[in-house]
Number of protein chains: 2
Amino acid sequence: MTLGSEDAVARPRLGRAPSTTHAEISHVALTLFMERGFDQTTIDDIAREAGIGRRTLFRYFPSKNDLPWGDFGPLLDRMREQLSGMPDDIPMMEQLRIAVVEFNRVPEEEWPYHRRRMELLLHVPTLLAHSTLRYASWRRVVAEHVARRLELPEQDLIPQTMAWTCLGVCLAAYEKWLDDGAAPLLDLLDEAFRLIDERIDTKVVQAHRGARG
Amino acid sequence: MTLGSEDAVARPRLGRAPSTTHAEISHVALTLFMERGFDQTTIDDIAREAGIGRRTLFRYFPSKNDLPWGDFGPLLDRMREQLSGMPDDIPMMEQLRIAVVEFNRVPEEEWPYHRRRMELLLHVPTLLAHSTLRYASWRRVVAEHVARRLELPEQDLIPQTMAWTCLGVCLAAYEKWLDDGAAPLLDLLDEAFRLIDERIDTKVVQAHRGARG
DNA sequence: GACACTAATGACACTCAGTGCCGTTGGGAA
DNA sequence: TTCCCAACGGCACTGAGTGTCATTAGTGTC
């Protein structure tokens with residue numbers, strides 16, 4: 001859930017060079033969004049501030065809602081690879097915990113932007129809604145892994161529900177991170193997954209017991 | 001997750017009478033969306049077909065994305081009441097199952113529309129995204145109940161995660177319902193909740209055992 | 001039946017997101 | 001230098017959503 005690296009990978013030396021990067025535009029947008037609010041910032045404001053044409057901005061990002069996200073695809077690929085390369089002798093929940101924590105690791109220079117990013121994504125209704133589409137591909141990665149691991153079809157109830165649960169855990173950890181501001185994100189995520197791993201099989205039992213006793 | 005009753009409750013007999021209802025507009029919209037596709041249907045198309053002005057349509061629904069939903073608020077209130085009035089001697093997961101099944105009960109005359117509605121909400125990206133905002137209030141109701149029941153703060157990890165899990169279960173059941181088309185929705189929901197209730201405490205253990213053994 | 005009150009309606013104008021089109025720009029290769 | 005090609009940016013257009021305001025149509029009163 002971070003912005004990812006610059007786009008400068010290895011251009012096949014042909015045609016005019018790009019005049020900017022996803023990261024640069026995203027940073028400008030994040031700053032303006034935090035200053036004026038998401039709805040009060042127009043695409044023209046951002047384009048002007050970034051020193052590019054409005055039309056160009058829409059070539060980098062398909063919509064205003066995508067601006068805070070930066071470049072999401074590569075991160076997802078990395079997580080998929082990491083999960084599929086995970087040794088089988090690790091318990092599933094632990095695999096998921098490790099992969100999720102790793103997925104959320106952000107280069108230090110991105111930290112201030114990452115906080116703004118998540119602040120916006122979780123609290124601006126429009127962005128909250130749009131995020132669903134990103135989360136859907138993320139959940140897919142989790143569901144795939146769980147399905148493979150438990151030898152079930154991906155569409156089965158267990159992998160699907162597990163993916164939703166993982167997403168919920170992550171978002172709860174993010175909320176906490178934004179709230180108290182002191183604890184490092186990765187610690188919170190790690191802790192949350194351990195807690196769920198430990199309690200997920202007892203919380204329902206507790207409820208039963210509480211009801212029966 | 002249905003459209004709910006007509007708006008004709010008990011108008012305080014003053015001023016001009018409304019010329020239509022949420023349900024009526026929603027039905028017109030659902031029909032057009034299914035015929036031409038969501039993106040290919042404009043607000044003007046719907047207003048014209050419903051025989052009202054474009055401006056009037058926006059007084060009934062705040063956005064195009066809200067058209068399939070109808071009137072959601074009252075349903076949510078009903079579920080909240082039902083959960084809070086639930087006897088304590090019923091296990092929590094069973095309480096949730098009953099409330100969720102009841103929440104999804106739809107009057108028979110709504111059935112054909114309900115199918116279109118869910119088809120759209122789950123498969124049109126824009127609507128899928130927008131639904132998040134509705135789901136958020138739904139999750140809140142679940143989280144509130146779980147928190148009260150387990151005597152935890154609502155913001156705690158367990159209630160939050162439980163709410164996400166319930167949402168995931170519901171959506172998985174809905175997907176299945178749309179897919180095979182034969183089984184009644186309420187049966188699928190009931191079945192899914194029972195399955196999760198039964199397996200949620202073993203699935204992780206299975207994974208552990210599978211890994212260790 | 002005329003009048004007053006009030007709420008719903010619809011027409012108009014406006015902002016802004018997003019798209020298609022097309023001529024321009026500038027870096028690398030021949 | 002010239003050619004090639006991708007990135008750029010301007011322009012015009014569609015469609016969602018909003019603010020404003022005059023009009024319409026019920027209800028109660030005289």
Side-chain angles (χ1 to χ4, degrees), chain A residues 6-26 28-29 32-33 36-69 71 120 124-131 133, chain B residues 6-26 28-29 32-33 36-69 71 120 124-131 133:
Chain A
E6 297 290 308
D7 308 26
V9 195
R11 213 165 46 78
R13 55 192 171 292
L14 203 56
R16 182 176 175 177
S19 65
T20 183
T21 62
H22 283 89
E24 200 172 334
I25 301 176
S26 183
V28 168
L32 290 181
F33 289 160
R36 318 181 185 177
F38 181 78
D39 293 325
Q40 283 66 49
T41 309
T42 69
I43 292 286
D44 293 273
D45 292 337
I46 301 166
R48 198 178 316 116
E49 187 73 21
I52 59 175
R54 162 197 175 71
R55 195 64 187 81
T56 300
L57 192 150
F58 277 114
R59 282 205 192 86
Y60 281 81
F61 293 91
S63 80
K64 186 181 176 184
N65 292 329
D66 288 296
L67 281 165
W69 281 93
D71 222 2
L120 290 163
V124 175
T126 314
L127 295 175
L128 189 59
H130 185 73
S131 302
L133 303 177
Chain B
E6 296 291 307
D7 306 27
V9 196
R11 214 165 44 77
R13 56 188 171 296
L14 204 57
R16 181 174 173 175
S19 66
T20 182
T21 62
H22 283 89
E24 200 173 334
I25 302 176
S26 182
V28 168
L32 289 181
F33 289 160
R36 318 181 185 177
F38 181 79
D39 292 325
Q40 283 65 48
T41 309
T42 70
I43 291 286
D44 294 274
D45 292 337
I46 301 165
R48 197 179 316 115
E49 186 74 18
I52 60 176
R54 161 197 175 71
R55 195 63 186 81
T56 300
L57 192 151
F58 276 115
R59 281 204 193 86
Y60 281 81
F61 293 91
S63 81
K64 186 181 176 183
N65 291 330
D66 288 295
L67 280 165
W69 281 93
D71 221 4
L120 291 162
V124 175
T126 315
L127 295 176
L128 189 60
H130 185 73
S131 303
L133 303 178

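So you know, we letter chains A, B, ... as the sequences are listed, proteins then strands, and number each from 1. Owing to the predicted nature of the structure, the values given are computational and were not obtained by experimental measurement.
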Could you tell me the separation between the CZ atom of A/F58 and the C1' atom of D/dT14, rounded to a whole number of Å? 14 Å
Consider the side chain of A/T56, meaning its heavy atoms from C-beta on, and name the nucleotide among C/dT9, C/dT19, D/dC8 that approaches it most closely. D/dC8
Using only heavy-atom distances, decide whether a donor-acceptor pair under 3.5 angstrom links the side-chain of B/R16 to the base of C/dT9. no
Separation of atom CD in B/Q40 from atom C1' in D/dG15, rounded to whole Å: 13 Å
Would you mind reading off the bend of the helix from C/dG1-D/dC30 to C/dA30-D/dT1 from its two end axes, five pairs each, to 10 degrees? 0°
What about B/R54, does its side chain sit under 3.5 Å from the base of D/dG15 through a donor-acceptor pair? no
Does a side-chain heavy-atom distance below 4.5 Å link A/D66 with A/H130? yes
Nucleotide nearest A/R55 when distance is taken to its side chain, options D/dC11, D/dG15, C/dG10: D/dC11
Comparing B/S19 and A/R59 on DNA chain C - which has the more 5′ nearest nucleotide: B/S19
It should be established whether A/Y60 places a side-chain nitrogen or oxygen under 4.0 Å from OP1 or OP2 of nucleotide D/dC8. yes
For B/Y60, does its backbone N or O pair with a side-chain atom of B/H22 as donor and acceptor, under 3.5 Å? yes
Side-chain contact test, heavy atoms from C-beta onward, threshold under 4.5 Å: evaluate it for B/L67 versus B/F33 and give yes or no. yes
Please tell me which of A/I52 and B/D44 maps to the more 5' nucleotide of DNA chain D, matching each residue to the nucleotide holding its nearest heavy atom. A/I52
So do A/T126 and A/K64 actually touch side chain to side chain, heavy atoms under 4.5 Å? no
NA contact type, A/T126, heavy-atom cut-off 4.0 Å: base, sugar-phosphate, or nothing? nothing
Could you give the CG-to-P distance, from B/L57 to D/dG15, as a whole number of Å? 15 Å
